[in-house]
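Working notes for the structure below.
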Amino acid sequence: MKRRAWLTLGAVVLGGGGVVTYAVASPSSDPGAAGRAKRPAKVYDLALKGGTGDKRELPRTDTQPFSMLGVSWTGASKRLDGVGQVRTRSLKTGHWSAWQDLELNVDPLENPGVGVRGASEPLWVGPSDGMQVQVIRKNGTSSSALPKGLEVNLVDPGVLTDAETKAGGTAAEPAAFVADVSPGATASAPTDSATPSDGTTAAPTDGQTTTSPAATDTTPAATDSVPPSASASPTDSVPPSDPASPTDSVSPSPSTSSSAPPSAPPSTVPEPPIVSRADWGADESISPEASEYTADVKAIFVHHTDGANDYSCADSPSIIRSIYAYHVQVSGWKDIGYNFLVDKCGTIFEGRKGGVDLPVFGAHTYGWNREAAGVAVLGDYTTTSATNATLASVARLAAWKLGQYGADPAGTTQLTAGADQHNYFNTNFTAGTKYTFQRISGHRDGYNTQCPGGLLYDQLPTIRTWASGPVQGLKVGSVDGAALSGSTYYTKGGITVRWTATTPASLISKFELLVDGKSVATTSGTATSAGVTLALGSHTVAVRAVHQSGRTATSAALSVVAETTAPTFTTNPNLSLRSGTVSTSAIPVTLGWKATDDKALRYVKLLAPTTATFGPTTTTSNSTAKSGAATIWSMRAYDYAGNYRTSSPSYTPVILQETAATKSGSWTARSSTSYLGGQSYSSGSKGASLTWTFTGRSAAWVVSRAASSGQAYVYVDGTKISTVDLKSSTTLYRQAIWTKTWSSSAKHTIKIVVVGTSGRPTVTTDSLVYIK
C-alpha cells in the first residue's frame, strides 16, 4: 500500500491583525517512527495554492528537513503544459537557492489505473528546511487549466544506513511542519496540533484530498504504455511506464514478461560489486508486489537522475531511498524504475528488486523496457561529464549483464518497439516493429528526452569500448634497469617494464610480460609493472593485457639487448699543456681520452680531481692543474647496459724557472710580483738563448707580452720548429704562448733564441712548464 501523509490547514489570529496559515504534514504510519533506530524514507505532500487555473504556488515556507522534492497532480493521464520551479533553503547554510526548474513535460499514461498520479521528475536538493514552489500554465498552448490536486511532494530520506553513518553523514528529521506568514505579520509560535487553538479547520486547497489511494500499478500488468502522439518536446524524465495501459500496442507473451523468476545465466565476465537494496536502506514494505521478469536483456539504457552533482557519495543511499520513495509513493509505481544506479564515485546500487542477476522488468525507458535493463547515474550531465569512476562502473555493469546473454557490449541488437513514438533525434518508432540499437544506448536513443544529458551521452562510446575490450591505450612507459639508445634498450640482464592503459584496471583481468613472444611473468589487472632477468643476447619485450572479456591487446614490441661487456679506453686519459695565463695553482691543461664499446657507449664521467659528464663523442676537456702536485685524473666509461670501465692515470705539472736554464748571451734578471716566482729574464741581444732539459710528455713556454716585445725562435731537441712573435697591444704576464705535446714521456730540450727584431728586440721569458 502506498504510504502517504495527510495535510491539515489552520489559522492563528495575530495581535496585529495579521493571519498566519500553517500546514502540518503528518505521516500516516506510527508517529513514533522518527525515533526508531532505522527510519525509512517518507513522503510529505503539501497542496499548492492559487486562485485561478493558470497558477499554483506555495510561498516561502519553513519546513522540517527534507532532501528531495517534486510536484505531482491527480491523474497520470493528465498532461501538465507549464513551468514548474522551486527554491529551497539549505539546512547547512541557511541560504536560499536560485530558482530551479522541475521537469514537468512528461508524457501521460493512457488508462493508468486508480491511484497513479502525474508527477515531475524528483529533484535532489540536499538537506533543506524551507521551500518555495510555483507552477504556471504555458500560455497559448492549451485552453485547459492546470490539473487538480497539484501538490509539492517532500521526501525525507530517513535514518541513515550503517554505511552512511560510517561515511560521516547525518540523519534528518522528517518534514512535519510548514508555516506561511502573511506580509507584515509576526507569527506566534505554532504547534504540531492538527487543530488550531481557535477550533477552526480548513480543508486542503483545490478541493482535493491529500490522502492518495493505494498504488494499483499491478492492475493491469506492468507493460510499456502508449503516450499521446503530441509528445514532442524532449524531457529528462523517466516515463511512468510501470503502471501501464491495457491498450498497449504490443501485448506481452508469456516468454517476454513473467512473474516467475527465471534462472540466472552465468556471465562471460565477473559480476562487479553491487550495493544491495538492504544495504542502501530500501523499505520493502512500500513495495510488496512480486517482481516481473523478461526473457533476457538485449540492451542497457543509460540515464541520469537529474539534480545537483555536488552531493557527497556518502549521501548516495539517501538519494536512492528518496528516488525510490518518490517513484512509489508519489508516482504510484510498484518499485523504483531503474534496475541499477551508479554514483559519481563509481558505486553500483541495486535498483528494482527481483535479483541483480535476473532479467527484472523495469520502468526506465518508455517503449523498450521488455528487452533492456536501465542504469541511472546520479546527477545531471547536461553541462558536466561523468567521472571515470562512474564510466568504469557502468561499463563493468553493462558487460556483466549483457555477458549473461552472450552479447557484445560494443555491438548492436534488434529491439521491438512497445509504443508508437519518436526519440530525441526524431526517429519515429512504430509499435511491434524491430529497430537497431547499440547494446549500450542512451535514454534519448529510445525516447524523446535529453536524458542522460549531452555530455554523458557523448561518453557512451567510451563505456562501450571499456565494457567490450580489448584494453585501450596500452603502452610501455619505461624500462627500468635498461637505457635506450636509438630504438634499442640495453641492459645487463635484469629489467622492470612499466606500462599504462586507458581502460580502467577494474575491467582488466591480467597483464602478461612477453619476451620473444612468450609469457614470462603474469600480474593482476591493477598492476603497472613486472620484472624479468633476460639471458644475454637480443630480445623483443612486450606487454599483453587481457580484458575481462578475454580479448587481448599487446603493446608495441621493444628491442632489448642484454650484455655484460664493459667499454674500453682506446686512449687512456692524458693531460697536456695548453695556452693561457699560468699561475702556480692553475696551469692551463687539456684532458684527452677516447672510449669505445662493443654495443653502444653512453657517456664518460670524470671522477677526479673534479667531476663532469661527457657524451660518447666528446674526447677532450679543458681544465687547470696545480703546479708540483701529483694529481690522479680518474675517468669512467659507461655503456647503455650499465657496464663500465675506469682509468685513473696520475700527472704532475712542473714549473722550471729561468734559473734552471742554460744561458747564452746577455740576459737581465727582472723582479715583479707579476712574474712566476717573482722574477724573469729579459734580453734584446740577437742570438741570446736559454735552454731547458726535462723528462716529460708536454711542455709550454711562459713569457710576458707587450707592444715592444720582439720575436724568438723555438728549438726542440736541436731542431728549429717555430718562430714566436710576442708583440701584444696590451701588457700580459705569465702567458703560455707556445706548447708541445708528445705521445709518451721522454727526455727533451727546449731552446729559446732571441731574434733581435728591429725596433722591438726584447724578449722577456718567465719559465718553462712541463708535465711528468
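Positions are given from 1 along the sequence. Because the structure is predicted, anything quoted here is derived from the model rather than measured. Note: hydrogens, waters and symmetry copies are ignored here, and every other heavy atom, side chains too, is used.
For Ile632, the CD1 atom counts as loosely surrounded, since its 6.0 Å shell holds 12 or fewer non-hydrogen atoms of other residues, nucleotides or ligands. Annotation: Lys751, atom NZ; neighbour count of heavy atoms from other residues, nucleotides and ligands within 6.0 Å does not exceed 12.
Note on Asp408 versus Arg439: no salt bridge recorded, every NZ/NE/NH1/NH2 to OD/OE distance being 4.0 Å or above. Salt-bridge check for Asp725 with Arg760: passed, with a basic side-chain N closer than 4.0 Å to an acidic carboxylate O.
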(request) Any chance you could lay out the side chain to side chain contact (heavy atoms under 4.5 Å, CB included) test for Thr522 and Phe511, step after step, and finish with the verdict? (result) CA-CA 6 Å; Thr522 301; Phe511 290 99; over 6 Å; no
Using side chain to side chain contact (heavy atoms under 4.5 Å, CB included), reason through Leu577 and Thr741 one step at a time and then give a plain yes or no. CA-CA 7 Å; Leu577 295 165; Thr741 298; 5.6 Å; no
What do the steps show when you test Arg544 against Ser555 for side-chain hydrogen bond (donor to acceptor under 3.5 Å, both in side chains), and what is the final call?
-> CA-CA 6 Å; Arg544 180 164 60 206; Ser555 70; over 6 Å; no
(message) Please determine whether side chain to side chain contact (heavy atoms under 4.5 Å, CB included) holds for the pair Asn622 and Arg578, giving the CA-CA distance in whole Å, both sets of side-chain angles, and the decisive distance to 0.1 Å.
(response) CA-CA 8 Å; Asn622 289 337; Arg578 61 182 175 87; 3.5 Å; yes
| query | Can you check side chain to side chain contact (heavy atoms under 4.5 Å, CB included) on Phe569 and Thr646, steps first, answer last? | reply | CA-CA 8 Å; Phe569 281 99; Thr646 305; 5.8 Å; no
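Note that the CG atom of Leu484 and the CZ atom of Arg602 stand 9.0 Å from one another [nearest 0.5 Å]. Note that the CG atom of Asn574 and the OG atom of Ser744 stand 11.0 Å from one another [nearest 0.5 Å]. Put simply, NE2 on His95 and OG on Ser90 are 8.5 Å apart, with the number rounded to the nearest 0.5 Å. Trp633 CH2 to Ser621 OG: the interatomic distance, rounded to the nearest 0.5 Å, is 8.0 Å. Atom CH2 of Trp400 and atom CD of Glu271 lie 4.0 Å apart (nearest 0.5 Å). With values rounded to the nearest 0.5 angstrom, Asp639 atom CG is found 11.5 Å from Tyr644 atom OH.
Without hydrogens or angle criteria, Asp380 side chain to Gly307 main chain gives no donor-acceptor distance under 3.5 Å. When atom types are taken as modelled, the side chain of Thr502 and the backbone of Gln472 share a donor-acceptor pair closer than 3.5 angstrom. Side chain of Ser583 to main chain of Ala586: a donor-acceptor pair is present (N/O by atom type, distance under 3.5 Å, no hydrogens or angles). A donor-acceptor pair under 3.5 Å links the side-chain atoms of Ser393 to the main chain of Ala389, judged by distance alone. For the pair Thr384 (side chain) and Tyr381 (backbone), a donor-acceptor distance under 3.5 Å is absent. Formation of a donor-acceptor pair under 3.5 Å by the Thr568 side chain with backbone atoms of Thr570 is not found in this model. Side-chain atoms of Arg464 never come within 3.5 Å of backbone atoms of Gln459 as a donor-acceptor pair (strictly under, hydrogens ignored). Counting only distance, with no hydrogens or angles, the side chain of Gln438 and the backbone of Ile440 share no donor-acceptor pair below 3.5 Å. A donor-acceptor contact shorter than 3.5 Å is absent between the side chain of Ser468 and the backbone of Thr465. Not a single donor-acceptor pair under 3.5 Å links the side chain of Thr564 to the backbone N or O of Lys492.
Figure legend: cation-pi geometry between Lys599 and Tyr640 absent, as NZ or CZ is not positioned both under 6.0 Å from the six-membered ring centre and within 45° of its axis. Remark: Lys344 is positioned above the aromatic ring of Tyr311, its terminal NZ or CZ atom under 6.0 angstrom from the ring centre and at most 45 degrees off the axis.
Closest non-hydrogen pair, Trp466 versus Pro504, comes out as CD2-CD, 3.3 Å. Residues Val471 and Ala501 share a closest heavy-atom pair of CG1-CB, 3.7 Å. Closest heavy-atom contact between Pro653 and Ala629: CD-O, 3.8 Å. Closest approach of Ala386 to Leu456, counting heavy atoms only: CB-CD1, 3.8 Å. For the residue pair Pro573 and Trp593, the shortest heavy atom distance occurs at CA-CB, 4.0 Å. In plain terms, the two heavy atoms of Ala505 and Gly525 that are nearest each other are CB-O, 3.4 Å.
Side-chain rings of Tyr675 and Tyr733 approach one another, their centers coming within less than 6.0 Å.
Taking the side chain as every heavy atom from C-beta outward, Val342 and Val375 approach each other to under 4.5 Å. In this structure the side chain of Thr662 never reaches within 4.5 angstrom of the side chain of Leu690, judged on heavy atoms. Between Pro409 and Leu402, some side-chain heavy-atom pair lies under the 4.5 Å cut-off. The closest side-chain heavy-atom distance from Arg498 to Ser478 is below 4.5 Å. Using a 4.5 Å cut-off on side-chain heavy atoms (C-beta onward), Leu726 and Ile737 make contact. Side-chain contact between Leu513 and Val543 is present, with heavy atoms from C-beta onward closer than 4.5 Å. Put simply, the side chain of Thr618 does not reach to within 4.5 Å of the side chain of Thr620, judged on heavy atoms. Val302 has its side chain within reach of Leu460: a pair of non-hydrogen atoms, C-beta onward, lies under 4.5 Å apart.
No hydrogens or angles considered: a donor-acceptor pair under 3.5 Å links the side chains of Thr390 and Thr387. Judged by distance alone, the side chains of Asp480 and Thr496 never bring a donor and an acceptor atom under 3.5 Å apart. Side-chain contact annotation: Thr581 with Gln735, donor-acceptor N/O pair under 3.5 Å present. Side-chain polar atoms of Thr764 and Arg705 form no donor-acceptor pair below 3.5 angstrom. Ser698 and Ser576 share no side-chain donor-acceptor pair at under 3.5 Å. There is no side-chain donor-acceptor pair under 3.5 Å between Ser529 and Trp499.
Judged as a salt bridge (Lys or Arg N to Asp or Glu O under 4.0 Å), not a single pair has a partner in residues 667-678 (not counting sequence neighbours). The list of side-chain hydrogen bond (donor to acceptor under 3.5 Å, both in side chains) pairs with a residue in residues 687-696, not counting sequence neighbours, is empty.
A side chain to side chain donor-acceptor pair (under 3.5 Å) with Thr765 holds for exactly one of Trp701, Tyr681, Trp667; it is Trp701.
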Let me have the donor-acceptor pairs involving side chains of residues 710-721, under 3.5 Å, with sequence neighbours excluded, atom names and distances please.
unit_1	atom_1	unit_2	atom_2	d
Gln711	OE1	Thr757	OG1	3.3
Asp717	OD1	Thr749	N	2.8
Asp717	OD2	His748	ND1	2.8

